[in-house]
Chemist: 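Below is one structure. I have some questions about it.
Count residues from 1 along the sequence.
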Amino acid sequence: MIKIYKKMKEIPLFKIARMEFEQIITRKAYYMLLVTLPIILFFILTMIYEKKIVTQIPVAIVDMDHSMVSRLLIQQVASTRSLSIDKYLNSIDEVKDEMLKGNIHGAFIIQKDTEKDVKTGKPVFLTVYKNTSNLILGNMIMRDAATIAKMGSAEILRRKLRLTGMSEEQAMNTLNPIRVNSNSLFNPGYNYLIYLIPGLLPVLLQMIIMVVAALTINQCQAEGKLPGLYKTANNNVFNIIFGKSIPHILFNFATGLGIIGIIFVFSEVPVQGSYLFLTLLMLYFVATSFFMGFMFSAIFKDPFMSTEAVIIINTPAFIFSGYTFPLWAMTSAHQGLAEIFPFTHYMNAFFKVNQFGAPLNYALPELLKMTIIFITVILVSALFLQIKKKKLSEFTKTGESI
């Protein structure tokens, strides 16, 4: 074993890997980006969604009727889990004022003569004001308002039918002859922890990996260590690519395993598929993300330019994944742009196998796309490293810098 270890130490690839590992653990900036920052950031983000679902949205009631019907509607609002009656107001102007102050996000206006109009058969409107600057809150209030109106109407009609001598069952069948049998798959509780955290943490990991990877070559070049790197690699660019990558991929894969622990153990997000597949998918995602960042380091001489490019392309990665807006609803150009991000394919494969419980073959299209990215960025990196090597040999004679 000792002889094998000594022989491995002399292999150029492992020499470079050892040098890179030493650089990571001795440079505080690298250590902060690869270890400390992800742990702190991921736990903070997970704690934000600790409550899992949005409840107790503050709303107001404006009761202009003060009748049995208005009290019934108010009771329906009060019994809705996602709403909390925080204010009883007297006018629409007061509603708008409270919204501007941020005290409420919605209001239910019960118009005067509501009970009278119900008894005479005239149409009755439950007026709803909602703050749609926040789409989540606005949509939730609107959804609950529709349910409240439906339940209130049904209760009023039920009481009328019961007065005619109908049984409770007959009255309910008359009110609701067609019933919806709803089955919510994969996230039946509309849990924001299950929805956001499995995507939010990996996309941040992708950015961290690529930012660090974007410094691997040009930082060495800026410090004048590039000639020595080529010499150690025996002028083989693939020794540089894979030698530099091994320590980073191992560090980032450990962080990826930490993410898996945070998501599925700490946050108790259910897994429908295979933990082994999830682990291997994370490893592939980490490696692909690293090599993409490495490519920018090989292309740009200036470390600032490479990190700037990485940050620019990573900023919209979460949006292009289809998380906040469906990918199929985007333009063809945007759908094409989404294909370049490893995160897009990682999340599609993740959802298919580990959230939907689909067989592994359903993830093959995403794995194929990630493989295309993986191979392409390595070949581009090799091309630019080869160009740098050629320039280095040309300028060595004159003592100029590449």
Chemist: Given 3.5 Å as the limit, does a donor-acceptor pair link the side chain of Lys112 with the main chain of Asp65, or not?
Modeler: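 It does not hold such a pair.
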
Chemist: Indicate whether the side chain of Gln219 and that of Lys225 have a donor and an acceptor atom separated by less than 3.5 Å.
Modeler: no

Chemist: For residues Ile141 and Tyr129, determine if any side-chain heavy atom of one lies less than 4.5 Å from a side-chain heavy atom of the other.
Modeler: no

Chemist: Under 3.5 Å, side chain of Asn239 to main-chain N/O of Pro12, donor-acceptor pair present?
Modeler: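 It does not hold such a pair.
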
Chemist: Among Phe285, Tyr284, Tyr346, whose ring-ring contact (aromatic ring centres under 6.0 Å, His included) with Phe374 holds?
Modeler: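 The single option meeting the ring-ring contact (aromatic ring centres under 6.0 Å, His included) with Phe374 is Tyr284.
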
Chemist: Please tell me if the side chains of Phe108 and Leu126 come closer than 4.5 Å, counting only heavy atoms from C-beta onward.
Modeler: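 Side chain of Phe108 against side chain of Leu126, heavy atoms only: contact under 4.5 Å found.
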
Chemist: Is there side-chain contact between Thr307 and Phe296, with at least one heavy-atom pair below 4.5 Å?
Modeler: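 SC-SC contact between Thr307 and Phe296 ruled out.
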
Chemist: Nearest 0.5 angstrom please: Met347 CE to Leu200 CG, how far?
Modeler: 10.0 Å

Chemist: I'd like to know whether Ile16 forms a side chain to side chain contact (heavy atoms under 4.5 Å, CB included) with Ile240, so could you lay out the CA-CA distance, the side-chain angles of the two residues, the decisive distance to 0.1 Å, and finally the verdict.
Modeler: CA-CA 7 Å; Ile16 295 170; Ile240 295 174; 4.2 Å; yes

Chemist: Go through the structure and list residues passing side chain to side chain donor-acceptor pair (under 3.5 Å) with Asn314, not counting sequence neighbours.
Modeler: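 Testing Asn314 for side chain to side chain donor-acceptor pair (under 3.5 Å), a comparison that skips the adjacent residues, returns Gln206.
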
Chemist: Can you check whether Phe251 reaches Phe21 side chain to side chain, under 4.5 Å on heavy atoms?
Modeler: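 Side chain of Phe251 against side chain of Phe21, heavy atoms only: contact under 4.5 Å found.
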
Chemist: Between Phe291 and Phe242, what is the ring plane arrangement, given parallel below 30°, perpendicular above 60°, and tilted in between?
Modeler: perpendicular

Chemist: Hey, could you give me the NE2/CD1 distance between His334 and Ile319, rounded to the nearest 0.5 Å?
Modeler: 9.5 Å

Chemist: What are the two closest non-hydrogen atoms of Leu360 and Val353, and how far apart are they?
Modeler: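 Closest approach of Leu360 to Val353: CD2-CG1, 3.7 Å.
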
Chemist: Using the test side chain to side chain contact (heavy atoms under 4.5 Å, CB included), find all partners of Ser297 that sit at least two apart in sequence or belong to another chain.
Modeler: Thr216, Ile217, Asn218

Chemist: Please assess Lys116 against Lys122 for the test side chain to side chain contact (heavy atoms under 4.5 Å, CB included), listing each intermediate value before the final yes or no.
Modeler: CA-CA 9 Å; Lys116 178 182 175 183; Lys122 292 181 181 179; 5.9 Å; no

Chemist: Is the backbone N or O of Met330 less than 3.5 Å from a side-chain atom of Gln335, with the two atoms forming a donor-acceptor pair by type?
Modeler: yes

Chemist: Not counting sequence neighbours, which residues clear salt bridge (Lys or Arg N to Asp or Glu O under 4.0 Å) with Lys130? List them please.
Modeler: none

Chemist: Heavy atoms, side chains only, cut-off 4.5 Å: are Asp63 and Tyr88 in contact?
Modeler: no

Chemist: Can you see which heavy atom on Ala298 is nearest to which on Ser381, and at what distance?
Modeler: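 Minimum heavy-atom contact is CB-O, 4.0 Å.
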
Chemist: To the nearest 0.5 Å, what is the distance between CG (Leu83) and CD (Gln76)?
Modeler: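 Separation between the atoms: 11.5 Å.
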
Chemist: Between the main-chain N or O of Asn235 and the side-chain N or O of Lys389, is there a donor-acceptor pair closer than 3.5 Å?
Modeler: yes

Chemist: Mind checking the CG-CG spacing from Leu257 to Asn252? Nearest 0.5 Å is all I need.
Modeler: 11.0 Å

Chemist: What's the spacing between Leu215 CG and Cys220 SG if we round to 0.5 Å?
Modeler: 11.5 Å

Chemist: Report the distance from atom CD of Glu366 to atom CG of Asn348, rounding to the nearest 0.5 Å.
Modeler: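 Interatomic distance, Glu366 CD to Asn348 CG, rounded to 0.5 Å: 5.0 Å.
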
Chemist: Looking only at heavy atoms, which two atoms of Phe320 and Ala338 are closest? And how far apart?
Modeler: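 For Phe320 versus Ala338, the nearest heavy atoms are O-CB, 3.2 Å.
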
Chemist: Flag the pair Lys390 / Ile387 as yes when at least one side-chain heavy-atom distance between them is below 4.5 Å, and no otherwise.
Modeler: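 Side chain of Lys390 against side chain of Ile387, heavy atoms only: no contact under 4.5 Å found.
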
Chemist: Considering only heavy atoms from C-beta outward, does the side chain of Lys301 approach that of Ser306 to under 4.5 Å?
Modeler: no

Chemist: What do the steps show when you test Leu364 against Asn361 for side chain to side chain contact (heavy atoms under 4.5 Å, CB included), and what is the final call?
Modeler: CA-CA 5 Å; Leu364 288 178; Asn361 61 290; 4.1 Å; yes

Chemist: Going through the distances and angles, do Thr114 and Ser70 end up as a side chain to side chain contact (heavy atoms under 4.5 Å, CB included)?
Modeler: CA-CA 7 Å; Thr114 293; Ser70 69; 5.9 Å; no

Chemist: Search all heavy atoms of Val69 against all heavy atoms of Glu115 and return the closest pair with its distance.
Modeler: N-OE2, 3.5 Å

Chemist: Looking only at heavy atoms, what is the nearest atom pair of Ala60 and Leu89, with distance?
Modeler: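 Minimum heavy-atom contact is CB-CD1, 3.8 Å.
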
Chemist: Would you say Asn90 and Met64 make side-chain contact, with heavy atoms under 4.5 Å?
Modeler: no

Chemist: Tell me, which pairs form a salt bridge (Lys or Arg N to Asp or Glu O under 4.0 Å) where one or both residues lie in residues 320-338, sequence neighbours left out?
Modeler: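 Output for this query is empty, none listed.
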
Chemist: Output every pair passing salt bridge (Lys or Arg N to Asp or Glu O under 4.0 Å) with a member in residues 338-350, not counting sequence neighbours, ordered by first then second residue.
Modeler: Glu339-Lys369

Chemist: Without swapping roles, check the side chain of Tyr230 against the backbone of Leu385 for a donor-acceptor pair under 3.5 Å.
Modeler: yes

Chemist: Write down the atom of Ala107, the atom of Val95, and the distance for their closest heavy-atom approach.
Modeler: CB-CG1, 3.5 Å

Chemist: Sequence neighbours excluded, which residues qualify as side chain to side chain contact (heavy atoms under 4.5 Å, CB included) partners of Asp86?
Modeler: Pro58, Ser84

